[in-house]
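Data first, discussion second: the structure below is written as structure tokens.
For this chain, numbers begin at 1 and follow the sequence in order.
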Amino acid sequence: MNWKPYVTFAVVSLLGHAAGMNAFAAAKISQQGNATVLTVPDSEAQAGADSIDYANAVPLDLPQGPVRSAAEEQADLINALMSPATTGTPGFSPGGRGNGKLSPTFLGAPNAAVSGALDVEPQEFGTNNHPFSTARADLLTLATNTQYPYRASGKLFFKIGTGNFVCSASLIKRGLVVTAAHCVSNFGKRQFYTAFSFVPGYRNGVAPFQTWAAQSVIVMTSYFVGTDPCAVSGVVCQNDIAVIRLVPKTGTALVFPGTATGWYGYGWNGFGFTTGGLTHITQIGYPVCLDNGQFMERNDSHGVKTASLSNNTVIGSLMCGGSSGGPWLVNFGIRPTLTGTTNGTAPNPNIVVGVTSWGFTSTAPKEQGASPFLSTNILVLVNSACGSPVNQPACQ
């Protein structure tokens with residue numbers, strides 16, 4: 001069967017398309033080891049971000065994953081419970097809470113009326129029999145989008161040609177964002193998209209912590225040139241992950257957003273997973289099929305590492321297009337004080353171990369997948385963005 005992304009777009013190549021060259025004349029693409037880096041001068045990065053039509057941006061649809069039977073789902077779960085792990089030594093980098101200081105910016109009224117029930121929905125599952133629970137992360141009168149750990153997540157706006165699009169993303173350092181590679185580049189075409197703008201804590205047309213342009217955008221070279229190991233070419237891949245280093249602001253105490261929002265940690269090589277590849281995932285995103293993508297949504301499900309799908313983690317989820325690039329976290333939330341018990345294995349809070357990579361055109365399966373965070377991808381990307389040892393203020 002021929003698997004395709006939901007929608008095929010005309011994309012801007014920074015190497016040849018005239019409009020792209022005019023908008024980002026000084027942008028350059030370079031290779032650093034196994035990573036490919038788009039670098040944009042700060043002034044041009046900010047000009048590109050300022051050109052975004054926030055009110056009318058549309059979600060980048062999720063790439064379409066393979067249809068799998070309930071029997072395959074059950075076999076994967078049994079293997080996760082019974083089989084030993086094959087990844088390297090697990091590790092993680094911790095997050096930080098930030099000071100929570102607001103500096104809101106109005107981005108324009110959303111282009112569609114917000115709808116949806118206020119009540120939390122009961123646990124449900126689709127035709128693939130993968131249970132999950134999805135509900136608003138935003139409690140409306142109690143605006144959780146400005147509270148840690150939710151506020152470290154947000155929307156990523158960008159342009160493909162002259163069109164305005166949006167994915168989800170999150171901070172993993174003071175000025176470093178993680179998202180999906182398919183939200184920043186066109187698989188195998190050696191092309192980056194343009195005019196990136198990250199909006200942490202986005203809520204119904206308001207940027208509570210300002211908007212932030214991209215100074216550099218980094219993906220694995222194997223994804224950029226199309227040699228990435230993919231169970232479904234360009235869709236279910238090993239390295240559908242990208243990091244973005246943000247442009248600092250001058251003349252303000254809020255030099256990077258993480259100072260206020262805080263940031264998540266990130267883990268690799270199965271951190272937070274059992275030896276067989278089973279874990280519990282909290283997914284954050286802005287899917288357009290829920291509240292028109294105007295409020296942050298939360299989904300919880302067990303995640304299963306699936307060898308036949310390029311070792312992607314698979315969860316049950318109600319999310320759809322617009323959720324691409326949103327974080328998949330283990331141990332989400334504020335840790336309680338222990339008063340008569342002990343922690344389990346890998347208790348470190350708010351650790352990103354994947355980002356939303358793919359889903360289904362059909363609304364029946366209700367599953368999504370994420371490329372694995374490994375020492376050979378997420379560490380490569382972060383080190384490329386930050387230097388080793390760290391020499392970038394965005395990463396400190």
Next on the checklist: Using side chain to side chain donor-acceptor pair (under 3.5 Å), reason through T282 and D300 one step at a time and then give a plain yes or no.
Outcome noted: CA-CA 5 Å; T282 296; D300 290 274; 2.6 Å; yes
Next on the checklist: Any heavy-atom pair between the side chains of V219 and I241 that's under 4.5 Å?
Outcome noted: no
Checklist entry - What's the shortest heavy-atom distance between C167 and S324, and which atoms? => result CB-O, 3.3 Å
Next on the checklist: I need the W268 CH2 to S93 OG distance, nearest 0.5 Å.
Outcome noted: 6.0 Å
Item to check | Within 6.0 Å of CG in N34, more than 12 heavy atoms from elsewhere | outcome: no
Checklist outcome for this item: Minimal heavy-atom distance between S216 and V37, with the atoms involved, is CB-CG1, 4.1 Å
Checklist entry - Side chains of N186 and I160: closer than 4.5 Å at any heavy-atom pair? => result no
Next on the checklist: How close do P229 and S310 get, counting heavy atoms only, and between which atoms?
Outcome noted: O-OG, 3.5 Å
Checklist entry - Looking at CG of L374 and CE of M220, how far apart are the two atoms once the value is rounded to the nearest 0.5 Å? => result 9.0 Å
Next on the checklist: Applying side chain to side chain donor-acceptor pair (under 3.5 Å) to Y264 and S153, what does each step give before you reach the verdict?
Outcome noted: CA-CA 9 Å; Y264 301 134; S153 293; 2.8 Å; yes
Item to check | Residues N164 and D53: side-chain donor-acceptor under 3.5 angstrom | outcome: no
Item to check | Residue pair L171 / P257, side-chain heavy-atom distance below 4.5 Å | outcome: yes
Checklist entry - Honestly curious: do M296 and I172 fall in one hydrophobic cluster under the side-chain, below-4.5 Å linking rule? => result yes
Checklist entry - Under 4.5 Å between any side-chain heavy atoms of V199 and Y54, yes or no? => result yes
Item to check | Step-by-step side chain to side chain contact (heavy atoms under 4.5 Å, CB included) determination, L156 to I244 | outcome: CA-CA 10 Å; L156 178 68; I244 300 171; 3.9 Å; yes
Item to check | T179 side-chain N/O to V177 backbone N/O, donor-acceptor pair under 3.5 Å | outcome: no
Checklist entry - Going by heavy atoms in the side chains, are W212 and V247 under 4.5 Å from each other? => result no
Checklist entry - With a 4.5 Å limit on heavy-atom distance, are the side chains of D291 and Y286 in contact? => result no
Checklist entry - Is the backbone N or O of A385 less than 3.5 Å from a side-chain atom of R245, with the two atoms forming a donor-acceptor pair by type? => result yes
Checklist entry - Ignoring hydrogens and geometry, is there a side-chain-to-backbone donor-acceptor pair from S384 to Q32 under 3.5 Å? => result no
Item to check | Minimum-distance pair of heavy atoms, taken over all atoms of K155 and G293 | outcome: NZ-O, 2.7 Å
Next on the checklist: If you apply the rule side chain to side chain donor-acceptor pair (under 3.5 Å), what do you find for Q46 with D42, and how did you get there?
Outcome noted: CA-CA 6 Å; Q46 189 60 57; D42 290 0; over 6 Å; no
Next on the checklist: In the structure I gave you, are the side-chain heavy atoms of W358 and L309 within less than 4.5 Å of one another anywhere?
Outcome noted: yes
Checklist entry - Once you round to the nearest 0.5 Å, how far does CZ of F158 lie from CD1 of I52? => result 8.5 Å
Item to check | V314-V235 co-clustered via ILVMFWY side chain contacts under 4.5 Å | outcome: yes
Item to check | Ring centroid separation F187 to Y223 under 6.0 Å | outcome: yes
Next on the checklist: The test is side chain to side chain contact (heavy atoms under 4.5 Å, CB included); show your working for F373 and V355 and say whether it passes.
Outcome noted: CA-CA 9 Å; F373 273 23; V355 295; 4.2 Å; yes
Checklist entry - With a 4.5 Å heavy-atom cut-off, do F198 and L246 have their side chains touching? => result yes
Next on the checklist: Looking only at side-chain N and O atoms, does Q191 offer a donor or acceptor that is under 3.5 Å from a partner on S185?
Outcome noted: no
Checklist entry - Counting distance only, does the side-chain N/O of T146 pair as donor-acceptor with the main-chain N or O of A143 below 3.5 Å? => result yes
Checklist entry - Side chain of S323, backbone of M319: donor and acceptor closer than 3.5 Å? => result no
Checklist entry - Can you list the steps and then say if S51 with K159 is a side chain to side chain donor-acceptor pair (under 3.5 Å)? => result CA-CA 9 Å; S51 72; K159 287 190 172 182; 3.2 Å; yes
Item to check | Intermediate values then yes/no, side chain to side chain contact (heavy atoms under 4.5 Å, CB included), L176 and V382 | outcome: CA-CA 8 Å; L176 195 70; V382 171; 4.2 Å; yes
Next on the checklist: Let me check something: do V178 and I284 share a hydrophobic cluster, defined by ILVMFWY side-chain heavy atoms less than 4.5 Å apart, either directly or through other members?
Outcome noted: yes
Checklist outcome for this item: In terms of heavy-atom contacts, Q215 and P248 come closest through NE2-CD, 4.0 Å
Next on the checklist: Let's go through N145 and Y202 carefully: what are the C-alpha distance in whole Å and the side-chain angles of both, what is the deciding distance for side chain to side chain contact (heavy atoms under 4.5 Å, CB included) to 0.1 Å, and is it a yes or a no?
Outcome noted: CA-CA 7 Å; N145 68 306; Y202 175 95; over 6 Å; no
Exercise answer: donor-acceptor pairs, residues 327-336 side-chain atoms, under 3.5 Å, sequence neighbours excluded:
unit_1	atom_1	unit_2	atom_2	d
W328	NE1	T356	OG1	2.8
N331	ND2	A346	O	2.8
N331	ND2	N348	O	2.8
R335	NH2	N343	OD1	2.6

Checklist entry - Between T279 and G272, is there a donor-acceptor pair closer than 3.5 Å when you use the side chain of the first and the backbone of the second? => result yes
Checklist entry - Taking the six-membered ring for Trp, is the centroid-to-centroid distance between F192 and F224 below 6.0 Å? => result yes
Checklist entry - Given the rule that I, L, V, M, F, W and Y join up when any side-chain heavy atoms are under 4.5 Å apart, are V40 and I218 in one cluster? => result no
Checklist entry - Looking at OG1 of T134 and CZ of R298, how far apart are the two atoms once the value is rounded to the nearest 0.5 Å? => result 10.5 Å
Item to check | Side-chain donor-acceptor pair present, Q238, S371, cut-off under 3.5 Å | outcome: no
Per-pair distances, 0.1 Å, donor-acceptor, side chain in residues 389-396, under 3.5 Å, sequence neighbours excluded:
none

Checklist outcome for this item: In this structure, OG of S222 is separated from CG of N377 (nearest 0.5 Å) by 8.5 Å
Checklist entry - Where do N269 and P90 come nearest, in terms of heavy atoms and distance? => result O-CG, 3.4 Å
Checklist entry - Should V380 and F271 be counted in the same cluster of Ile, Leu, Val, Met, Phe, Trp and Tyr side chains packed under 4.5 Å apart? => result no
Next on the checklist: Let me confirm one number: the CG-CG distance from N292 to L290, rounded to the nearest 0.5 Å.
Outcome noted: 9.5 Å
